[in-house]
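In what follows, a structure is listed as structure tokens, so that the remarks can point back to it.
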Amino acid sequence: MKFIPYLQLNGNASEAIGFYEKVFHAENLGVITFGEMPTTPDFPFPENAKDLVSHAMIKVGESVIMFSDTFPGQPAQEGNLVTICVTFDNADKARQIFDALQDGGQVEMPLAEMGFSPAYGVIKDKFGVTFQIYTEGNQG
């Protein structure tokens, strides 16, 4: 059994995939657009959906993240029910990723030493996805 984060974005999944490939040095495992999906007369895709991402997957280290754009007329709601905790064993690497996610994003908790972690912070990136940056190791 695996738990895989699945991000539904409002028309900018392709941009998000490219951004995360750069930030996390991720491997793109494939992107399928709505235009590449088979259609039926009962459920044709609108023209403005053809270039949107129907399903995509990237590999980050040993983990996978899946993506799609929402279907036109069914927007995703930004929220904080799902966050992605990115765990490091090195505070310098954690800071590098935290800093890269600030590109167009918003720091919710600055990366700092905590009792449970030498470097922990929370950042919402430019796509509205919240990341917890966590470094393993105790400071006490």
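Between Val60 and Val64 the shortest side-chain heavy-atom distance does not fall below 4.5 Å. Phe98 places a side-chain heavy atom less than 4.5 Å from the side chain of Val107. You'll find the side chain of Asp125 reaches within 4.5 Å of the side chain of Phe131, heavy atoms only. No side-chain heavy atom of Asp69 sits less than 4.5 Å from a side-chain heavy atom of Thr33. By the 4.5 Å heavy-atom criterion applied to side chains, Met109 and Met114 are counted as neighbours.
Evaluation of the side-chain contact (heavy atoms from CB on, under 4.5 Å) rule for Ser54 yields Phe34, Met37 as partners, not counting sequence neighbours. With sequence neighbours left out, Asp99 forms a side chain to side chain donor-acceptor pair (under 3.5 Å) with Gln102. Residues that satisfy the side-chain contact (heavy atoms from CB on, under 4.5 Å) test with Ser63, not counting sequence neighbours, are absent from this structure. Gln8 pairs by the side chain to side chain donor-acceptor pair (under 3.5 Å) definition with nothing, not counting sequence neighbours. Partners of Ala91 according to the side-chain contact (heavy atoms from CB on, under 4.5 Å) rule, which considers only residues two or more places apart in sequence or in another chain, are Ala119, Thr135. In this view, Phe88 satisfies the ring pair (Phe, Tyr, Trp, His ring centres under 6.0 Å) rule with no residue, not counting sequence neighbours. For Asn10, the side chain to side chain donor-acceptor pair (under 3.5 Å) criterion is met by Thr70, not counting sequence neighbours. Residues passing the side chain to side chain donor-acceptor pair (under 3.5 Å) test with Ser68: none are found, sequence neighbours excluded. Among residues two or more places apart in sequence or in another chain, the salt bridge (charged side-chain N to carboxylate O under 4.0 Å, His left out) test is passed with Asp51 by none. The side-chain contact (heavy atoms from CB on, under 4.5 Å) check on Asn48 picks up Pro46, Pro72, with sequence neighbours excluded.
No more than 12 heavy-atom neighbours from other residues, nucleotides or ligands sit within 6.0 angstrom of NZ on Lys22.
For the residue pair Phe19 and Ala100, the shortest heavy atom distance occurs at CZ-O, 3.6 Å.
Taking the six-membered ring where tryptophan is involved, the planes of Phe24 and Tyr20 are tilted, since the angle between them lies from 30° to 60°.
A distance of 9.5 Å separates CG in Leu52 from CG in Asn12, rounded to the nearest 0.5 Å.
Listed by first and then second residue, the salt bridge (Lys or Arg N to Asp or Glu O under 4.0 Å) pairs that reach into residues 100-112 are Asp103-Lys126, Glu108-Lys124, sequence neighbours excluded.
A side-chain donor-acceptor contact under 3.5 Å links Tyr6 and His55.
Partner Ile65 forms a side chain to side chain contact (heavy atoms under 4.5 Å, CB included) with one of Leu29, Val129, Ile84, Ile17 and no other, that one being Ile84.
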